[in-house]
There are 4 protein chains.
Amino acid sequence: MKRKGPKYEKIIDAAVTVIAMHGYHQSQVSKIAKEAGVADGTIYLYFKNKEDLLVSVFNEKMGSFIEKTENELKGRQSAVEKLHTLIEMHFKQLEADHELSIVTQLELRQTNRDLRVKIGEVLKRYLTLIDHILKDGMESGTFNSDMDYRLARQMIFGTIDETATNWVMNDHRYGLRRLADPIHKMLINGLCGHHPHVE
Amino acid sequence: MKRKGPKYEKIIDAAVTVIAMHGYHQSQVSKIAKEAGVADGTIYLYFKNKEDLLVSVFNEKMGSFIEKTENELKGRQSAVEKLHTLIEMHFKQLEADHELSIVTQLELRQTNRDLRVKIGEVLKRYLTLIDHILKDGMESGTFNSDMDYRLARQMIFGTIDETATNWVMNDHRYGLRRLADPIHKMLINGLCGHHPHVE
Amino acid sequence: MKRKGPKYEKIIDAAVTVIAMHGYHQSQVSKIAKEAGVADGTIYLYFKNKEDLLVSVFNEKMGSFIEKTENELKGRQSAVEKLHTLIEMHFKQLEADHELSIVTQLELRQTNRDLRVKIGEVLKRYLTLIDHILKDGMESGTFNSDMDYRLARQMIFGTIDETATNWVMNDHRYGLRRLADPIHKMLINGLCGHHPHVE
Amino acid sequence: MKRKGPKYEKIIDAAVTVIAMHGYHQSQVSKIAKEAGVADGTIYLYFKNKEDLLVSVFNEKMGSFIEKTENELKGRQSAVEKLHTLIEMHFKQLEADHELSIVTQLELRQTNRDLRVKIGEVLKRYLTLIDHILKDGMESGTFNSDMDYRLARQMIFGTIDETATNWVMNDHRYGLRRLADPIHKMLINGLCGHHPHVE
DNA sequence: CATGAATGAGACTTCATTCAT
DNA sequence: GATGAATGAAGTCTCATTCAT
């Protein structure tokens with residue numbers, strides 16, 4: 001089972017393209033192989049089976065996604081800034097790859113329990129990133145210290161994810177990145193907003 | 001195509017039970033028929049096809065869900081109170097029917113694009129409910145009036161939905177309803193919270 | 001899983017015909033279904049899977065094979081007569097169904113270990129039949145009483161089976177049944193033969 | 001197509017080992033190549049294709065098998081003695097190589113018609129050996145001269161083969177060679193046995 | 001109204017063989 | 001001579017839907 005090489009990447013990218021174009025349930029291995037310019041059997045030199053390919057797609061793409069976000073976060077000082085960076089990176093990266101956004105927001109969710117569990121494990125790394133920002137902000141006194149950080153994480157992720165999904169379902173008709181500011185402001189100030197912290 | 005009668009209800013309930021127990025992809029028409037105590041063919045006297053049955057499940061259950069929420073909202077005055085009621089009703093109703101919560105939060109999401117669009121249409125009624133609360137609060141000055149109400153709605157729904165999904169994925173191990181208060185507070189005040197509006 | 005009905009028999013017989021005609025490895029389910037005049041899926045209403053079908057073929061055919069032999073043996077007194085009847089019934093029944101003889105002597109042997117084990121279990125009933133004849137003959141003093149009955153059984157079955165296989169591999173070119181007499185004589189008297197017992 | 005050289009032998013032996021260990025249907029060319037310590041493609045420098053390799057395995061092993069038997073037979077005078085030697089050599093050689101016994105008695109039989117025909121051709125040399133012993137014995141008057149030598153050969157080979165197969169299927173749990181005597185006696189004297197010829 | 005036996009399209013995966021290096 | 005990455009054909013089984021009873 002080779003896990004590197006130019007064909008490995010080609011197949012991963014072909015999977016994203018095919019899933020985005022035809023939908024999860026219409027993404028046969030043969031279609032992906034054709035798109036990648038390899039024979040059907042070649043897929044199985046690089047991946048154990050179809051599920052392994054799909055998990056790898058999520059792993060590779062989400063891995064780089066998280067890494068870039070982590071790097072960008074290093075340059076930020078305050079928790080408020082960090083949260084802003086996280087949201088902006090999230091939206092920016094999705095906006096930079098429409099195909100990928102369709103795959104992660106819509107198509108890869110229609111999978112069976114097993115696959116979703118494996119995807120969930122990859123996601124944990126991202127949620128931990130959010131947790132760190134939250135604990136940081138709560139310890140420094142910027143964020144309300146009597147919050148349950150898990151609920152706060154669910155609010156942040158739920159909001160970002162729902163916003164991204166809506167954007168994809170509206171066929172990317174508007175800019176996603178420019179929603180980072182207002183979303184950030186709402187998360188910080190809440191619905192009743194308008195107080196000095198971020199203005 | 002009969003849309004009423006005791007068997008209609010039996011089939012809808014059987015579908016919820018089977019999907020909750022075996023998962024979406026293991027919920028064959030024949031299994032649902034068996035659970036409902038009818039013949040396979042009988043399903044097709046009440047539903048056009050399997051997709052129609054699944055949409056109907058969501059319709060019937062979500063319809064009652066929304067209705068009860070609407071009724072409860074009538075008794076509330078302020079937007080802040082209304083939001084609290086909405087969250088509480090949401091959590092309370094999910095908590096009252098674990099099977100249904102599995103179906104709506106996990107299983108019914110693994111569907112193809114078409115079905116999800118139809119489910120989305122049913123959901124619109126619920127989202128409109130949120131929109132009304134928001135516009136209400138923004139007009140009365142309680143909520144920040146320069147928010148984009150659509151983003152606010154995405155924050156509210158995204159947060160509630162993510163919280164509910166986490167609760168289901170953690171096997172209903174803790175109380176969901178008691179999260180209504182802290183969630184409500186966070187949505188109102190944001191992460192930096194702690195200011196006079198709701199205390 | 002229905003195990004009776006006219007289609008059940010049709011499928012079993014179609015399997016014999018197809019395997020005899022095209023060989024074990026060229027006997028696809030679709031080919032058998034076509035020969036039986038049913039849809040591919042119908043096979044799976046009557047059999048768990050392809051292996052189950054093949055085992056059932058052997059079971060059904062061998063079951064009737066053994067039963068007929070058992071019935072015929074009842075009318076015989078001496079062990080020598082019984083052995084003659086067993087051989088004659090064996091050859092007679094194979095000769096009566098050339099297709100079946102190809103299937104049991106040649107094609108059904110090219111199966112994997114699992115299937116062969118299951119076939120072996122069915123065969124045991126037949127081998128037990130031989131054992132009874134042997135013990136009978138040994139107790140009555142007709143057969144050499146210091147033989148190992150298991151070796152004797154292997155000689156009898158090995159000889160009959162090898163003779164039948166040769167006959168099939170020679171395209172049924174000669175009569176099989178008329179070999180029962182000389183085979184019987186050889187088994188009784190051995191190669192050095194020519195002594196009073198059976199003449 | 002090289003048919004000699006150290007790799008040729010290595011591949012033959014690797015095939016025996018792999019087939020004995022994993023079974024015929026799990027003996028892929030790549031597995032045999034790995035066991036032999038050569039590349040997949042190298043197999044095709046020494047053998048035309050997989051079938052050719054399998055036939056060669058049988059050829060090489062059976063060739064030496066027959067040769068040794070022939071040599072041993074030279075020292076025997078009477079047909080009775082010769083038959084005893086043949087049986088003893090057969091059992092002795094199988095007992096000396098358990099792997100080979102699994103391959104020839106069980107695994108190599110699960111092959112398609114074509115391959116079995118080719119294996120049959122190799123076997124003919126062995127069957128001819130038996131025929132010679134039989135004709136010898138019949139001409140000299142030791143064996144019953146009105147037997148059909150072909151049937152006698154089928155009895156001898158069928159008995160030996162069935163005995164060997166049973167021994168392998170019972171996981172070589174008992175000694176095979178020590179069955180040569182009783183088997184020989186039974187073949188000579190038959191089931192009714194006990195007369196002066198071999199005692 | 002209700003039944004349930006029958007249909008048949010469609011896809012993942014394996015593995016013998018090749019050929020550029 | 002030797003390698004091993006790449007090829008691509010081919011078959012079992014599931015399950016939504018129908019329709020004769």
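Lettering of chains follows the sequences in order, A, B, ..., and the numbering in each one begins at 1. Treat the numbers as computed from the prediction; the structure is a model and nothing was measured.
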- Toward the 5' end of DNA chain F, by each residue's nearest nucleotide, C:Gln26 or B:Gln28: C:Gln26
- Message: Once rounded to the nearest 0.5 Å, what's the spacing between atom OH of D:Tyr8 and atom CE of D:Met1?
- Response: 11.0 Å
- Message: Counting only side-chain heavy atoms from C-beta out, which of F:dT17, F:dG11, E:dA6 sits nearest to C:Lys2?
- Response: E:dA6
- Message: Can you measure D:His25 atom NE2 to E:dA16 atom C1' for me and round it to whole angstrom units?
- Response: 15 Å
- List the steps, then state whether salt bridge (charged side-chain N to carboxylate O under 4.0 Å, His left out) holds for A:Lys118 with A:Asp52. CA-CA 10 Å; A:Lys118 287 183 185 168; A:Asp52 184 34; over 6 Å; no
- Rounded distance [0.5 Å steps], NE2 in B:His25 versus CD in B:Gln110: 4.5 Å
- Message: For D:Arg109 versus D:Thr104, what's the shortest heavy-atom pair and its separation?
- Response: NE-O, 3.1 Å
- Distance from B:Glu35 atom CD to B:Ile19 atom CD1, nearest 0.5 Å? 11.5 Å
- Item | Which nucleotide in F:dT18, E:dT3, F:dT7 has an atom nearest any side-chain atom of A:Val38 | F:dT7
- Message: Heavy atoms from C-beta onward define the side chain here; which of F:dG11, F:dT17, E:dA2 lies closest to that of B:Lys7?
- Response: E:dA2
- Query: Rounded to the Å, how far apart are D:Tyr24 OH and E:dC15 C1'?
  - Reply: 13 Å
- Does a nitrogen or oxygen in the side chain of C:Thr42 sit under 4.0 Å from OP1 or OP2 of E:dA6? no
- Message: Of the options F:dT17, F:dA5, E:dT13, whose atoms approach the side-chain atoms of A:Asp40 most closely?
- Response: E:dT13
- Message: Between P on E:dT17 and CG on D:Asp52, what's the gap in Å once rounded to a whole number?
- Response: 10 Å
- By nearest-heavy-atom nucleotide on DNA chain F, the more 5' of A:Ala39 and D:Gly41 is D:Gly41
- Item | Closest to side chain of A:Asn49, choosing from E:dT13, F:dA5, F:dA16 | E:dT13
- Item | Whole-Å gap separating P (E:dT17) and CG (D:Leu53) | 10 Å
- Message: So which atom in B:Ala15 and which in B:Val57 form the shortest heavy-atom distance, rounded to 0.1 Å?
- Response: CB-CG2, 3.8 Å
- Task: Using a 4.0 Å heavy-atom cut-off across all strands, classify B:Leu45 as base, sugar-phosphate, or nothing.
- Result: base
- Message: Please report the distance, rounded to the nearest Å, between CD1 in B:Ile43 and P in E:dT3.
- Response: 10 Å
- Message: On DNA chain E, does the nearest nucleotide to C:Tyr46 precede the nearest nucleotide to A:Glu51 from the 5' side, or the other way round? Give the residue.
- Response: C:Tyr46
- Tell me which nucleotide among E:dA16, F:dA16, F:dA5 gets nearest to the side chain of B:Lys50. F:dA16
- B:Asn112 atom CG is separated from F:dA16 atom P, nearest whole Å, by 13 Å
- What is the distance from atom NE2 of C:His22 to atom CZ of D:Arg113, rounded to the nearest 0.5 Å? 10.0 Å
- Note on the structure: In whole angstroms, the gap separating C1' of E:dT13 from CD1 of A:Ile32 amounts to 14 Å
- Roughly how far apart are C:Lys61 NZ and C:Ser56 OG, rounded to 0.5 Å? 12.0 Å
- Task: Using a heavy-atom cut-off of under 4.0 Å over every strand shown, decide if C:Val29 touches base, sugar-phosphate, or nothing.
- Result: sugar-phosphate
- Could you tell me the separation between the NE2 atom of B:His22 and the C1' atom of F:dC15, rounded to a whole number of Å? 16 Å
- Task: Would you indicate which nucleotide in E:dT17, E:dT7, F:dT12 comes nearest to any side-chain atom of C:Tyr44?
- Result: F:dT12
- Whenever both distances are under 3.5 Å in a Watson-Crick or G-U wobble pair, mark it; put DNA chain E into dot-bracket that way, with [ ] for crossing pairs and | when the partner is on another strand. .||||||||||||||||||||
